[in-house]
Amino acid sequence: MDKKGILIVVSGFSGAGKGTIMKELLKKYDNYALSVSATTRKPRPGEEEGIAYFFKTTDEFEKMIAKDELIEYAKYVDNYYGTPRMYVTEQLEAGKDVILEIEIQGALKVKEKFPDTLLLFITPPTVSELRRRLVNRGTETMEVIEGRLGRAKEEAEGMDRYDYLIINDKLDECVEEVHRIIEGEHRRSFRNQEFIENMKRELKGE
Ligand code: 5GP
């Protein structure tokens, strides 16, 4: 069956718990590779260079754009965010399922460039839960939180462009659900053309 890596985009409102879900998914299963983005945002406490992000100045980021080193990039609440091309290409070729944890503008650009991309959208069960998680994170000012809620309103407009909606209520269940969806995606007939062709050939006695 399908051994090629799938490109997977995971989006969701800021505070939806994407980061935690991805971390657990990678801990539990070894077929995933998580792309590390470049950003001009300042590091939050505990965020390490090359693990959370590659932290860049605006000038450095714009040079990466000019050299076509990014698959996609977008501006999100006054900062640039983008996906470096090299890692994604290498990992897909190595048969890994590569996860991009990016916002919606970038997600739609990736889908346009690579139509076989699987798009997943993660959301808390309710808006009040979303607000509670953003406030409890405690790393951002009220102004930034309001900015992110404003952005959530815009992003909700694009939720139906995603292939699957994942409600992050219980973490463990959510991680399993994401994994099962990706496993199912590997079984899609269009991803298994070679298998189908081989079967047909064998059945014809060739
Ligand atoms: P945060 O500042 O909370 O780490 O990220 C803000 C938003 O930027 C999140 O929705 C996150 O998924 C998105 N993001 C992170 N990396 C990228 C990227 O490489 N490209 C795009 N388009 N969005 C990204």
Side-chain angles (χ1 to χ4, degrees), residues 7-23 25-26 32-58 60-65 67-92 98-114 117-124 130-131 133-159 161-162 164-166 168 174 178:
L7 187 56
I8 302 152
V9 165
V10 176
S11 303
F13 306 126
S14 179
K18 286 167 295 187
T20 319
I21 295 167
M22 293 309 116
K23 221 192 295 160
L25 193 67
L26 264 87
Y32 298 115
L34 186 64
S35 158
V36 177
S37 297
T39 184
T40 56
R41 162 164 89 56
K42 297 276 167 289
R44 294 191 189 116
E47 282 186 338
E48 283 177 51
E49 166 70 17
I51 295 176
Y53 283 104
F54 296 106
F55 295 99
K56 304 285 177 193
T57 62
T58 303
E60 286 168 339
F61 197 99
E62 285 171 350
K63 285 210 174 93
M64 291 179 85
I65 299 174
K67 289 199 225 149
D68 200 27
E69 288 174 5
L70 303 172
I71 290 180
E72 62 73 40
Y73 67 92
K75 254 199 167 163
Y76 178 95
V77 194
D78 295 335
N79 283 301
Y80 276 127
Y81 293 82
T83 307
R85 182 184 305 279
M86 185 106 83
Y87 178 82
V88 173
T89 313
E90 282 172 2
Q91 295 297 315
L92 282 176
V98 179
I99 301 176
L100 314 182
E101 196 198 309
I102 65 180
E103 53 64 71
I104 188 164
Q105 297 170 51
L108 298 179
K109 278 186 224 158
V110 172
K111 182 78 180 177
E112 216 172 278
K113 270 196 192 165
F114 308 101
T117 305
L118 175 66
L119 299 185
L120 309 180
F121 194 96
I122 299 183
T123 173
L130 173 65
R131 189 182 291 271
R133 289 187 199 175
L134 271 177
V135 173
N136 283 2
R137 180 147 76 182
T139 50
E140 256 104 17
T141 62
M142 233 20 235
E143 196 188 331
V144 172
I145 293 170
E146 286 306 324
R148 281 166 186 250
L149 280 169
R151 183 60 196 243
K153 199 157 59 174
E154 284 171 35
E155 294 204 320
E157 292 299 320
M159 280 165 85
R161 309 277 295 271
Y162 284 73
Y164 291 90
L165 210 60
I166 293 151
N168 180 16
C174 198
V178 170

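Computed from heavy atoms alone, side chains included, the values below leave out hydrogens, waters and symmetry copies. Note that ligands are numbered from 1 as they come in the structure, with each ligand's atoms numbered from 1 the same way.
- Contact residues of ligand 1 (protein heavy atom closer than 4.0 angstrom to a ligand atom; sorted by chain and number): Lys18, Ser37, Arg41, Arg44, Tyr53, Glu72, Ala74, Tyr76, Tyr81, Gly82, Thr83, Glu101, Ile102, Glu103, Gly106, Arg148.
- Glu72 and Thr83 form a side-chain donor-acceptor contact under 3.5 Å, judged by distance and modelled atom types alone.
- Annotation for Arg41: atom CZ counts as buried by contact number, over 12 foreign heavy atoms lying within 6.0 Å.
- Listed by chain and residue number, Tyr53, Tyr76 satisfy the ring pair (Phe, Tyr, Trp, His ring centres under 6.0 Å) test with Tyr81 (two or more places apart in sequence, or in another chain).
- With salt bridges taken as basic N to acidic carboxylate O contacts below 4.0 Å, none links Lys63 and Glu60.
- Contact between Ala33 and Tyr87 at its shortest, heavy atoms only, is CB-OH, 3.4 Å.
- Looking only at side-chain heavy atoms (C-beta outward), Val36 and Phe54 come within less than 4.5 Å of each other.
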